[in-house]
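Here the structure comes first, spelled out in structure tokens, and everything after it is commentary.
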Amino acid sequence: MPRPAVNVAVRAARAAGNIILRYMNRLDSLDVVEKQRHDYVSEVDRMAEAEILRELKRAYPRDAFLGEESGKIGDSRNVWVIDPLDGTRNYLRGFPHFSVSIGLLENGEPTLGVVYDPLRDELFTADRGNGAYLNDRRIRVGRRDGLSGALLATGFPYRQRRHLDAQLGMTRALLAEAEDIRRSGSAALDLAYVAAGRFDGFYEIGLNVWDMAAGCVLVREAGGRYCDFAGRDGLPETGNIIAGNVAIAPAMVKAIAPELTPVLAR
């Protein structure tokens, strides 16, 4: 059985989702700040994160919290990692693809993940050793045994455009073998879709821990694998991530290797 912490995270994610949906018809009136070039935060992000923190702190006051908007709060071996609105730019433009992401790190290892798509009311949950689920239905990564015919997902690094040439080279190398590549604007949902078999693989440069912690638990508990661009397992400190089933992930590592710069290969 999943831990009670999963239910707490689900309650927090749904509460944040309600806020996100409530303001969808008032996008023009939202206060939006450009944190850095092409990186935006809205008052909805802040309100949703505050609601998540309220729920989590009520249940686990001794834990630490790391939110995209509020930063690090507290010090503990257990750290809740929060992206209250993954896909803010999509949301602000009315593009219907974004999510709430809540993960739990225990001594630095992702052990619990919740990704919630409030528009579709799709709730992805995973807990270490208990499998991955979509709305209480067990999910598994796809069964494809190679890149041929694979549907992949990615995101372009707007915070790290210095890697754009390498990213385009990686994309070209993967498209030489895969069927197609999607770029949707929510890394958390991309990883959830890998866990559900909707995508066969995912890769992206320079993600933050709140972008990928929950999704990585989903992938692992769905029978998949995540690693860095060099193929090293675990949550990548660089934020350069590959995820897929146990055949697709290493095939992606091999395909992109010739396109990596020394920085990306570290």
Side-chain angles (χ1 to χ4, degrees), residues 34-42 45 68-69 81-101 103 110 113 115-117 119 122 124 141 147 150-175 178-196 198-219 224-230 235-244 248-249 252-253 255-256 259-261 263-265:
E34 188 172 12
K35 295 187 288 186
Q36 52 183 303
R37 186 168 180 259
H38 303 313
D39 189 3
Y40 298 88
V41 59
S42 74
D45 295 72
E68 180 176 9
E69 310 309 332
V81 184
I82 303 158
D83 192 338
L85 179 50
D86 187 46
T88 297
R89 201 63 187 138
N90 283 353
Y91 178 75
L92 293 176
R93 287 179 172 268
F95 187 84
H97 195 81
F98 43 80
S99 63
V100 179
S101 178
V115 175
Y116 179 50
D117 177 347
L119 273 180
E122 289 193 329
F124 299 85
V141 292
L147 284 172
L151 180 61
L152 308 177
T154 192
F156 291 101
Y158 58 84
R159 287 185 295 263
Q160 302 189 43
R161 287 285 164 86
R162 67 187 185 278
H163 296 309
L164 184 57
D165 287 344
Q167 171 96 27
L168 293 174
M170 293 159 55
T171 300
R172 184 168 50 248
L174 289 166
L175 276 175
E179 175 185 319
D180 209 346
I181 294 176
R182 300 284 187 266
R183 190 266 186 264
S184 64
S186 173
L189 272 182
D190 287 341
L191 287 163
Y193 282 15
V194 170
R198 294 174 177 176
F199 289 138
D200 296 299
F202 170 71
Y203 65 104
E204 189 162 345
I205 294 170
L207 291 178
N208 291 302
V209 63
W210 50 76
D211 298 313
M212 54 186 175
C216 284
V217 183
L218 287 164
V219 169
R225 177 187 173 196
Y226 58 91
C227 60
D228 65 13
F229 287 174
L235 195 66
E237 293 183 5
T238 60
N240 304 330
I241 189 171
I242 283 176
I248 291 287
M252 293 175 69
V253 170
I256 69 170
E259 307 298 330
L260 298 181
T261 62
V263 172
L264 292 177

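Predicted model only: the values in this text are computed from it and were never measured.
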Worksheet item: Checking side-chain contact (heavy atoms from CB on, under 4.5 Å) for the pair Tyr226/Phe202: CA distance, chi angles, key distance, verdict?
Response: CA-CA 9 Å; Tyr226 58 91; Phe202 170 71; over 6 Å; no
Worksheet entry | CA sep, side-chain torsions, deciding dist, call: Ser186, Asp117, side-chain contact (heavy atoms from CB on, under 4.5 Å) | CA-CA 10 Å; Ser186 173; Asp117 177 347; over 6 Å; no
Response to the item:
Residues at least two apart in sequence or cross-chain that pass ring pair (Phe, Tyr, Trp, His ring centres under 6.0 Å) with Phe229, listed by chain then number, are none
Discussion item. Once ring pair (Phe, Tyr, Trp, His ring centres under 6.0 Å) is applied, do any residues pair with Tyr203, and if so which ones, sequence neighbours excluded?
Written reply: none
Practice prompt. Spell out, as yes or no, whether a donor-acceptor pair under 3.5 Å connects the side chain of Asp86 to the backbone of Ala188.
Written response: yes
Discussion item. I need the minimum non-hydrogen distance between Leu191 and Gly215, along with the two atoms involved.
Written reply: CB-CA, 3.7 Å
Discussion item. Under the rule for side chain to side chain contact (heavy atoms under 4.5 Å, CB included), what residues qualify as partners of Ala214, not counting sequence neighbours?
Written reply: Ser101, Val115
Worksheet item: Atom CD1 in Ile256, atom OG1 in Thr171: separation rounded to 0.5 Å?
Response: 9.5 Å
Worksheet, complete the sentence: Smallest heavy-atom separation, Glu259 atom then Ala166 atom, equals O-CB, 3.9 Å
Practice prompt. Using atom types as modelled and distance alone, determine if a side-chain donor or acceptor of Asn240 lies under 3.5 Å from a backbone N or O of Gly206.
Written response: yes
Fill in: Short side-chain to backbone donor-acceptor contact, Asp200 and Leu151, under 3.5 Å
yes
Response to the item:
OG (Ser184) and CZ (Phe199) are apart, to the nearest 0.5 Å, by 5.5 Å
Discussion item. Quick one, Val263 and His163 - any side-chain contact, counting heavy atoms below 4.5 Å?
Written reply: yes
Discussion item. Distance check, rounded to the nearest 0.5 Å: Met212 atom CE versus Leu235 atom CG?
Written reply: 4.5 Å
Worksheet item: What's the shortest heavy-atom distance between Met170 and Ile205, and which atoms?
Response: SD-CD1, 4.3 Å
Practice prompt. Show your working on side-chain contact (heavy atoms from CB on, under 4.5 Å) between Leu147 and Leu152 and close with a plain yes or no.
Written response: CA-CA 9 Å; Leu147 284 172; Leu152 308 177; 4.3 Å; yes
Worksheet item: Under 30°, 30 to 60°, or over 60°: which ring-plane class applies to Phe98 and Tyr91, parallel, tilted or perpendicular?
Response: perpendicular
Worksheet item: Are any side-chain N or O atoms of Asp228 and backbone N or O atoms of Ala230, one a donor and one an acceptor, separated by less than 3.5 Å?
Response: yes
Worksheet item: Between Gly201 and Val194, which heavy-atom pair has the shortest distance, and what is it?
Response: C-CG2, 3.9 Å
Discussion item. Using every non-hydrogen atom in the two residues, find where Ile242 and Ala249 come nearest and quote the distance to one decimal.
Written reply: CG2-O, 3.8 Å
Discussion item. Quick check for you: to the nearest 0.5 Å, what is the distance between Gln167 atom CD and Arg183 atom CZ?
Written reply: 8.5 Å
Fill in: Pairwise distance CG(Asp45) to OG1(Thr88) - rounded to 0.5 angstrom
3.5 Å
Worksheet, complete the sentence: Ala195 and Leu218 have their tightest heavy-atom pair at CB-O, 3.5 Å
Worksheet entry | Any donor-acceptor N/O pair, Asn90 side chain to His97 backbone, under 3.5 Å | yes
Item to complete: Show your reasoning for whether side-chain contact (heavy atoms from CB on, under 4.5 Å) applies to Glu68 and Leu85.
Response: CA-CA 9 Å; Glu68 180 176 9; Leu85 179 50; over 6 Å; no
